[in-house]
Amino acid sequence: MNEDFHMADKVTPQDAIEQCAAERLITRLHDPDWNDQKQADLDVWLSESVAHEVAYLRLEAGWNQADKLSILRKPLQPSARPLRQPQGATKFHITAALLLCAAIGGGIYAAVQPPEGQIFATPIGGRETITLADGSQIELNTNSEIRVPRGARQATLIKGEAYFQIKHDPQRPFTLDAGQHRIVDLGTKFVVRQNANDLEVTLVEGRARVESASDGATPKAAVLNPGDVAIATRDDLTVTRKPLTALSDTLSWRSGFVVFHRTTLREAAEELNRYNVGKIVIADAKVGERVFGGKFRTTDSERFANVVGVALGLTVERRGNEIVISGK
Amino acid sequence: MSTPELRAWFVREVVPLEPELMKYLQHNWRNRSDIVDLRQEVYARVFDAARTQIPEKTRQFVFTTARNLLINRVLHEQVVPIEAVADLEALDIAKDTPDPERSVIAREELRRLQVALDELPPRCREAIVLRKIENLSIREIVQRMGVSENTVKMHLSNGVRALTEALYGQASNTRSGR
């Protein structure tokens, strides 16, 4: 424990600054009546000395990190699991509530709370926006599928990628299930993308918690702040941070574009292929490792291939439904 | 006032180095009661210097700053015997380690937070639980606890100090018992 905390009678100048910083931080973040005047007062105090500012920032870092405690929160309600599981029926259950459901038997549970509700899906190259009863919006990217039970604050991403703008309700947090992973919003905009071997969650605004569990492993969880990207695999949950520019690139599909920075041709082609029925094929591995950048229309793989061909000095040929890129 | 960019950098990259920095300061400075002041002085210098340009290698920059500060103190105060800083040169500040395994760190952080939470005085703990775990607003906490807004803020202020200290402040051998 912090000794200062117990020995308030022994106050050093550093203590006094820290106490002051703590009060100002809490007021700044949580005062229901925060206004310009209070902001101005805070700015004055912060600019008085570097000592003030660094003490404040240090506590801010600690307070943000303390969000991890939200993992300790008990789930409010079990959410419906789909009857049809893509792989291995009751394999992945995350919260205690769900474990309990598994124990009484998925069949009974499903009967009590049938996972009806609608399934929304987009074809390759498609995009669709779904507005929920509470005003939350889900924007589906290409070749994606989501199940949304009626009236529930829950959805299940079956495949693909989607952008969520969730109306926050502290009494009824929104949860999104995807494979063995679950995202619980704490007032949020986020993108979820299912790749072949992992689930990628990028937090754009607000906060959200990612929970992940697989058989025999301890459940893992992380709280995401804006810019954080969680990569959840079968066994691991890691969090990295993207600069804000990269964040807007992550979302560029919403306006019909993909953006590449120092991306290999192989990865870029895979990305374009998500959006197009006519696939780009890279003829040899060496060509696939060439690195380039640029912004392209998701649904125009022909133009993509031509630009890349010119820029990297490669040969581009149409073969039936495919576009083949090879070295000269 | 500093730029948001500078502040974000400080929160994201400098403060998380604190456990390591504390270990370093404790290892190289005999007078334990100076350590917190030294730490804040390092922060202030790092922050000031970064105003002109945010350094590329944060870790190296922070530890070089710490080292220079200690050397300066030794030279100017003439209080500490010179061997107190003998290890300074040995510090491998050039190595900018990549992130160690994040999940391990995250688990360790959660454990420390939980311990710190348990050690808080009951009312303070209650306020922190309502805010950080139940995600209630100050107004809701006021209602739930039946105390004034200022009291809630006081509990949260004390809580944020204790939790921050638990996360960053204590290097291994200085935990409690002093």
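Chain naming here is simple, since letters A, B, ... match the order of the sequence lines and numbering starts at 1 in each. Predicted, not measured: the structure shown is a model, and the values here were computed from it.
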When the 4.5 angstrom heavy-atom criterion is applied to B/Arg45 and chain A, the contacting part is neither
Quick check on B/Ile141 against chain A: is it the side chain, the backbone, both or neither that has a heavy atom closer than 4.5 Å? neither
Does any heavy atom of chain B fall under 4.5 Å from the side chain of A/Leu25, the backbone, both, or neither of them? side chain
Do B/Val160 and A/Glu18 have side-chain heavy atoms sitting under 4.5 Å apart? no
Straight-line distance of A/Arg58 CZ to B/Glu18 CD, nearest 0.5 Å: 4.0 Å
For B/Thr164 against A/Gly62, the heavy-atom pair lying closest together: OG1-CA, 3.5 Å
Assess whether atom NZ of A/Lys38 is packed by more than 12 heavy atoms of other residues, nucleotides or ligands within 6.0 Å. yes
Separation between CD1 (A/Ile26) and CZ (B/Arg161), nearest 0.5 Å, reads 12.0 Å
Value rounded to 0.5 Å, distance of NE2 in A/His30 from OG in B/Ser137: 10.0 Å
For B/Val11, is it the side chain, the backbone, both or neither that has a heavy atom under 4.5 Å from a heavy atom of chain A? both
Where on B/Glu41 is there a heavy atom nearer than 4.5 Å to chain A: the side chain, the backbone, both, or neither? neither
Report which part of B/Leu113 has an atom under 4.5 Å of a heavy atom belonging to chain A: side chain, backbone, both, or neither. both
At a 4.5 Å cut-off on heavy atoms, which part of A/His52 comes close to chain B: side chain, backbone, both, or neither? neither
The reported gap from CD in A/Glu23 to CG in B/Leu156 (rounded to nearest 0.5 angstrom) is 11.0 Å
Need one label for B/Phe10: side chain, backbone, both or neither, based on atoms under 4.5 Å from any heavy atom in chain A. side chain
Chi angles and distances behind the side-chain contact (heavy atoms from CB on, under 4.5 Å) call for A/Asp33, B/Arg139: CA-CA 10 Å; A/Asp33 309 311; B/Arg139 289 230 166 100; 2.9 Å; yes
Scored by heavy-atom pairs under 4.5 Å with chain B, the best of A/Asn64, A/Asp31, A/Ile17 is A/Asp31
Counting heavy atoms not belonging to B/Gln143, are there more than 12 under 6.0 Å from its CD? no
Cut-off 4.5 Å, heavy atoms of chain B, and the answer for A/Arg207 is side chain
Neighbour count >12 (heavy atoms, 6.0 Å) for atom CG, A/Asn35: yes
Is it the side chain or the backbone of A/Ala55 that comes within 4.5 Å of chain B heavy atoms, both, or neither? both
For A/Val54 against B/Tyr43, the heavy-atom pair lying closest together: CG1-O, 3.7 Å
Rounded to the nearest 0.5 Å, the CG atom of B/Leu167 sits from the CH2 atom of A/Trp63 at a distance of 11.5 Å
Got a sec: does the CG of A/Asp36 have more than 12 other heavy atoms crowding it under 6.0 Å? no
Side chain, backbone, both or neither: which part of A/Glu48 has an atom under 4.5 Å from a heavy atom of chain B? neither
Could you state the interatomic distance from CG (A/Leu46) to CZ (B/Arg7), rounded to the nearest 0.5 Å? 5.5 Å
Within a 6.0 Å radius of atom CD on B/Gln53, are there more than 12 heavy atoms belonging to other residues, nucleotides or ligands? no
Residue, of B/Arg12, B/Met154, B/Arg131, that accumulates the most heavy atom pairs under 4.5 Å with chain A: B/Arg131
Which heavy atom of B/Val15 sits nearest a heavy atom of A/Leu57, and at what distance? CG2-O, 4.4 Å
